[in-house]
Structure formats: C-alpha cells, structure tokens
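Throughout, residue positions are numbered sequentially from 1 according to the sequence presented.
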Amino acid sequence: MSLVIEEDVQEAEITKNDDRYLVPGLVRGLAILQAFNQEAQEMTISEIAEILDVNRSSAFRLIYTLESCGYLRKASQKTYALDSKVMELGFNSLSKLSLLDLSTPLMKELRDQTKIAVHLSILEGTHIVFVNNIQSSGPFTSTINLGTRWPAHATVIGQLLLSNLPETEIRQRYRKFNEWDTFSDLTPKNLKELLLRLNYVKTQSSMVSWGHYNNDMAACAAPIYRQSSKDMVAVLSVSCPITTYDEQTFKHIIANQVIDTANKISKFIY
C-alpha cells in the first residue's frame, strides 16, 4: 500500500508543472467554452480561431467535436453558441449543495482579503436573519451570531433584500408594523420613507453603512441572485469598526471586493 502511495505522490510531483502531459486539444476545447460570455453569446469559426490563435481548419475540428458532444450548437448559419449540456457539467453536483455550502469557501476568501468579518443574511418578515458568519482574522471579534435578527428597514442588508420585492408585498409586510426605531438620519421613519429609500437602493450594486446602524461600525452589503429566476436569495456583507479603514477605502476598495464575491457566489446559485 505504501508503495502505491509513494508512486502516486511521485507522479503528482512530476506532472504538476510539466507541460508534456497536457493534451492540447482538450486545453483548446475548454478555452472555446470559456470564451463565450454575456458579450459573446454567439461566435463564428473565424472569431473562435482568432481567440485560440489557430487556423480555421483546426478551429472547425474543435467546434465539430464540441458540437457532437452536445456542448456547442449551431445558433445560425455561421455562428455557434453554448448548448445546454454545458450547464450539466456543474449543475448536477452544485444542485446538491446548499447556499451555505457554496458560499462558505468564497466568504473565507473575502475574509482573507479584507481581514474583517463576513456575513450572509436572508429576509424573514420585516427582519434580516444572519445565516452564516466568518469571523474576522484581525483583532476585532464580531458579536453577530447565527440567527441574529435585525430590523430590515434600518439596515443596508435589509434594504437590499426588501428592494427586490414588489411594492405590494412590502406594503403587506409592513401593514401592521409600528416599530420604526431610528438609528440615524438615514433610517426610514415610516412606510412612505422606506419605499422612497428602496427606490434609491434598487439602483445600487451595493450599499454601505458608515455608522448608520451601529454608530461605531461600518458595513458593506451586496446582493446574491439566483441564476434561473434572477431573484435575490441572500445578501453578502462585511462589518468592522469604522477605525479599521478610512471611509474612502471602505466605500470603494472593500465595497468592490464584496460585490465581486457576491457575484461569484451568484454564479453557483441555480
């Protein structure tokens, strides 16, 4: 048994950085699949050949193989597009994973980038509920626990989650609500102010709180969407004392990192 393990280790060491073991056709085929995106949903043989830096004949053989295997389809007389089988590559395994399973590795990566606490929240009635937390790697220790509930109207997390709902549903949720506690000048004091605030939130890719809910805390939140319906399923956020970063760094560099991570998580949520 030990001999087999040693051979496996030796083989791994040999092949890890040895291009001799690469299969060029497979590398190029994967490069074709990766080339399709929101801006390039359809491409011609010539366009694909240019991307791969190969001649048309080589590009055609690769395209023909991918089409035969169900990963590409003819979109028109001259163009090709991804076929549905591409989705099956990851969907069969990803569909068995929960939002927490999918988000945790990327939340840890964001924590390592920012050194501050990272959270995942959902909407429940008129409150947000924290369903996943990654503790800061710096000196600050977050007091937010799993299951912690905060008023949705007063937090940037809650406002993002509410902004994805139809106005009729928001009115229904707040029909008998009378706990309009205020924490800063930006806290809506009634339903009319909340609806006005949500109209603004809908236009934002992220929301930053600089002492607006907890006076000495900064937070940044970005939405996570389901691929199939484009509904917002959760909000990713970070939090730290306002002394951790200067305001401009937090509102730009940190905010962009939160948005990027939320977008990465969204790609895996079907």
Side-chain angles (χ1 to χ4, degrees), residues 98-100 102-103 107 116-134 142-242 247 250-251 254-255 258-259 261-263 265-266 269-270:
S98 69
L99 173 62
L100 300 189
L102 292 165
S103 64
M107 290 174 67
I116 58 179
V118 184
H119 317 284
L120 189 72
S121 309
I122 61 172
L123 184 66
E124 191 172 282
T126 56
H127 287 78
I128 62 168
V129 181
F130 289 87
V131 296
N132 200 6
N133 293 312
I134 305 297
S142 173
T143 58
I144 298 172
N145 299 312
L146 293 182
T148 295
R149 299 167 66 89
W150 285 353
H153 78 279
T155 61
V156 290
I157 297 170
Q159 290 171 5
L160 272 173
L161 287 163
L162 288 169
S163 71
N164 193 56
L165 299 178
E167 183 177 324
T168 52
E169 184 170 342
I170 296 171
R171 289 184 178 276
Q172 179 62 28
R173 289 186 184 224
Y174 285 88
R175 185 167 54 92
K176 296 182 180 180
F177 187 79
N178 55 13
E179 300 175 12
W180 297 96
D181 298 329
T182 57
F183 300 87
S184 74
D185 293 340
L186 290 177
T187 307
K189 302 176 185 64
N190 50 54
L191 180 57
K192 182 179 179 181
E193 289 189 10
L194 176 61
L195 292 172
L196 203 62
R197 176 71 171 166
L198 296 182
N199 284 335
Y200 166 74
V201 174
K202 288 177 183 178
T203 67
Q204 304 301 302
S205 57
S206 70
M207 290 293 295
V208 170
S209 170
W210 192 258
H212 298 153
Y213 183 67
N214 292 319
N215 292 336
D216 59 347
M217 296 292 293
C220 177
I224 295 172
Y225 294 100
R226 188 181 304 281
Q227 291 293 309
S228 57
S229 63
K230 303 306 179 184
D231 289 332
M232 194 184 302
V233 295
V235 162
L236 179 73
S237 64
V238 296
S239 65
C240 63
I242 57 175
E247 189 172 357
F250 192 81
K251 288 185 173 181
I254 301 301
V258 176
I259 293 169
T261 303
N263 289 341
I265 297 173
S266 294
I269 308 299
Y270 295 96

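- Taking the six-membered ring where the residue is Trp, H119 and F130 present perpendicular rings, their angle passing 60° and hence far from 30°.
- Residues M232 and L161 form a side-chain contact, since some pair of their non-hydrogen atoms from C-beta on lies under 4.5 Å apart.
- A distance of 5.0 Å separates CD1 of I170 from CG of L198, quoted to the nearest 0.5 Å.
- In this structure, L162 and Y174 have side chains that are in contact, with non-hydrogen atoms separated by less than 4.5 Å.
- Contact of the S142 side chain with the N133 side chain is not registered, since no non-hydrogen atoms from C-beta on lie closer than 4.5 Å.
- Between V201 and L160 the shortest side-chain heavy-atom distance falls below 4.5 Å.
- Counting only heavy atoms from C-beta outward, the side chains of I224 and L120 approach each other to under 4.5 Å.
- Aromatic ring pairs are classed by plane angle as parallel below 30°, tilted from 30° to 60° and perpendicular above 60°; the pair H153 and F177 is perpendicular.
- Between W180 and P151, the closest side-chain pair of non-hydrogen atoms is not below 4.5 Å.
- Separation of atoms CD1 (I269) and CG (L102) is listed at 4.5 Å; rounding is to 0.5 Å.
- S121 and I157 get closest at one heavy-atom pair: CB-CG2, 3.6 Å.
- The side-chain heavy atoms of V258 and V118, taken from C-beta on, include no pair separated by under 4.5 Å.
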| task | Applying side-chain contact (heavy atoms from CB on, under 4.5 Å), run through L123 and N164 and close with a yes or a no. | result | CA-CA 11 Å; L123 184 66; N164 193 56; over 6 Å; no
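- Applying the salt bridge (charged side-chain N to carboxylate O under 4.0 Å, His left out) rule to pairs touching residues 142-169 yields E124-R149, E167-R171, E169-R173, sequence neighbours excluded.
- V238 places a side-chain heavy atom less than 4.5 Å from the side chain of C220.
- Within the model, atoms CG of N132 and CD1 of I122 stand 11.0 Å from one another, a figure rounded to the nearest 0.5 Å.
- In terms of heavy atoms, S266 sits closest to P223 at OG-O, 4.2 Å.
- Rounding to the nearest 0.5 Å gives a distance of 10.0 Å between CD of Q159 and CD1 of I128.
- Annotation: the span from I259 atom CD1 to S206 atom OG amounts to 3.5 Å, rounded to 0.5 Å.
- With hydrogens and angles ignored, the 3.5 Å screen pairs no side-chain donor or acceptor of N145 with any backbone N or O of T148.
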